[in-house]
Amino acid sequence: MTATLINGKEFAADVRAQVATHVARIKEENDITPGLAVVLVGEDPASQVYVRSKHKMTVEVGMNSFEHKLPEDTSEADVLAIVEQLNNDPAVNGILVQLPLPKHIDENLVINAINPAKDVDGFHISNVGLLGTGQKSMVPCTPLGCLMLLRDHHGTLSGLNAVVVGRSNIVGKPIAQLLLNDSCTVTIAHSRTKDLEDVVRGADIVVAAVGRSEMIKGDWLKKGATVIDVGINRIPAPEKGEGKTRLVGDVDFASASEVAGAITPVPGGVGPMTIACLLANTLTATCRSNGLAEPVGLTAS
Ligand code: NDP
């Protein structure tokens with residue numbers, strides 16, 4: 001391997017430590033404890049794992065954590081009523097509705113019912129619009145994590161060619177928008193893109209957010225490119241024993257790390273940044289709503 005490893009696990013621990021320091025300061029100086037409320041509807045095992053880690057890390061940085069676990073058959077009206085209650089609760093600075101919601105609930109309706117100032121996932125249409133027009137907004141956590149890693153590695157991103165593979169509303173599009181706001185020349189590729197390999201080969205920065213195991217190969221990359229692998233895919237790992245699995249990204253790490261200048265591993269790259277950025281966003285939301293200075297280096301500004 002010749003590429004520099006971008007260690008998201010360490011970086012995320014540092015972000016959480018910075019958040020904890022800031023939380024301790026506003027507790028002491030302003031008597032304010034940031035609060036994050038998470039709403040989980042149903043029994044999705046992956047969502048339950050995420051919500052448990054979110055709770056643990058929220059408490060670890062000194063914030064209040066409020067959990068609302070609702071049964072699978074909760075009505076849309078009841079979920080909206082809880083969101084409204086959290087919107088009006090001054091102890092709650094951030095609201096996260098864990099996705100996916102059960103099929104009988106309209107996700108967009110629920111997300112757009114969240115007070116945009118408390119929308120720490122950054123999915124509310126107002127925050128999407130603010131980000132799209134280069135204004136101060138709540139920025140989706142995983143994209144914000146990618147931006148932090150890239151800024152840390154490159155210093156400035158201005159003028160670099162970035163290719164984002166994937167155009168989802170929660171990952172691909174907001175990452176592309178953030179890179180554009182940082183003056184990259186941005187291409188968004190997707191399943192209909194022609195000659196994807198050639199498109200990727202023109203990139204100084206490649207962000208892979210596809211959901212297909214090890215799809216992007218080393219020989220698709222420009223020598224020295226920076227590769228941010230957002231993908232989290234579980235594949236069989238018979239070498240570890242029968243029925244065992246392992247996690248891989250959307251990039252073929254073995255070949256890519258021989259060509260790239262820097263690369264995030266999976267696991268231990270972008271993944272840990274998501275919760276760290278959720279906590280950073282909750283702190284930012286708390287500071288903004290109380291007229292306090294925002295934490296430096298923990299936002300997209
Ligand atoms: P989606 O399924 O919503 O979007 C995938 C995107 O990839 C789509 O835009 C799709 O194109 C595009 N795509 C699919 N196949 C190809 C292909 N063969 N060539 C080019 N483009 C293709 O996924 P998400 O954005 O939600 O997630 C992407 C990955 O990131 C997943 O592995 C997910 O697990 C991971 N993830 C990781 C997070 C973290 O914390 N690290 C957080 C969120 C997601 P089209 O629009 O044309 O269909």
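If you're wondering where the values come from, they're calculated on a predicted model, not measured in any experiment.
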Worksheet item: Residues in salt bridge (charged side-chain N to carboxylate O under 4.0 Å, His left out) with Lys217, at least two apart?
Response: none
side-chain hydrogen bond (donor to acceptor under 3.5 Å, both in side chains) involving [X] - partner list, sequence neighbours excluded:
X	value
Thr21	none
Ser301	Thr299
Asn115	none

Above 12 or not: heavy atoms from other molecules or residues under 6.0 Å from [atom1] of [X]?
X	atom1	result
Glu10	CD	no
Tyr50	OH	no
Lys223	NZ	yes
Glu239	CD	yes
Asp31	CG	no

Compare all side-chain heavy atoms of [X] with those of [Y] and state whether any distance is below 4.5 angstrom.
X	Y	result
Leu80	Glu84	no
Ser168	Lys173	no
Val39	Leu86	yes
Phe123	Asn108	no
Ser255	Glu214	no
Ile95	Asp119	no
Val92	Phe66	yes
Asn281	Cys141	yes

Criterion side chain to side chain contact (heavy atoms under 4.5 Å, CB included) against [X], the qualifying member of [options]:
X	options	value
Leu283	Leu36, Val120, Asn93, Val19	Val19
Val139	Leu130, Asn127, Leu144, Asn181	Leu144
His153	Thr226, Ile205, Ile228	Thr226

Sidechain-backbone polar pair: [X] side chain, [Y] backbone, donor-acceptor under 3.5 Å:
X	Y	answer
Thr264	Asp229	yes
Asp121	Leu96	no
Glu76	Asp106	yes
Thr58	Ser65	no
Asp89	Ala91	yes
Lys240	Thr245	yes
His104	Thr74	yes
Asn112	His124	no
Arg151	Gly297	no
Asp250	Arg212	yes

In one Ile/Leu/Val/Met/Phe/Trp/Tyr side-chain cluster, 4.5 Å: [X], [Y]:
X	Y	result
Val207	Leu196	no
Val199	Leu179	no
Val206	Leu157	no
Val230	Val210	no
Met215	Val163	yes

Worksheet item: Charged N to carboxylate O under 4.0 angstrom, Lys136 versus Glu294?
Response: yes
So, for [X] and [Y], which heavy atoms are closest and what is the spacing to 0.1 Å?
X	Y	result
Gly159	Thr185	O-OG1, 4.5 Å
Ala3	Ala260	CB-O, 3.2 Å
Ala300	Leu147	CB-CD2, 3.9 Å
Val83	Ala113	CG1-O, 3.6 Å
Thr286	Pro34	OG1-CB, 3.3 Å
Pro140	Ile170	CB-O, 4.1 Å

Discussion item. Could you go through Leu221 and Arg201, starting from their C-alpha distance and side-chain angles, then the distance that decides it, and tell me whether this counts as side-chain contact (heavy atoms from CB on, under 4.5 Å)?
Written reply: CA-CA 5 Å; Leu221 299 173; Arg201 222 166 265 131; over 6 Å; no
In Å, rounded to the nearest 0.5 Å, how long is the span from [atom1] of [X] to [atom2] of [Y]?
X	Y	atom1	atom2	answer
Leu279	Lys54	CG	NZ	10.0 Å
Lys118	Thr282	NZ	OG1	11.5 Å
Ser53	Leu278	OG	CG	11.0 Å
Leu160	His154	CG	NE2	6.0 Å
Ser75	Leu70	OG	CG	9.5 Å
Leu109	Ile111	CG	CD1	10.0 Å

Discussion item. Can you confirm whether the side chains of Asp14 and Gln18 place a donor and an acceptor under 3.5 Å from each other?
Written reply: yes
Worksheet item: Where do Gln48 and Glu43 land on the side-chain contact (heavy atoms from CB on, under 4.5 Å) test, with the steps shown first?
Response: CA-CA 7 Å; Gln48 287 180 331; Glu43 316 293 330; 3.4 Å; yes
Worksheet item: Listed by chain and number, what are the side-chain contact (heavy atoms from CB on, under 4.5 Å) partners of Ser158, not counting sequence neighbours?
Response: Thr156, Ser183
Worksheet item: Between Arg25 and His22, does a side-chain contact (heavy atoms from CB on, under 4.5 Å) hold up when you go through it step by step?
Response: CA-CA 5 Å; Arg25 191 178 322 135; His22 209 102; 3.8 Å; yes
Item to complete: Go through Gln85 and His68 one step at a time and tell me if the side-chain contact (heavy atoms from CB on, under 4.5 Å) criterion holds.
Response: CA-CA 11 Å; Gln85 180 197 316; His68 294 263; 4.3 Å; yes
Worksheet item: What's in the same ILVMFWY side-chain cluster as Ile235, cut-off under 4.5 Å, chained through other members?
Response: Val248
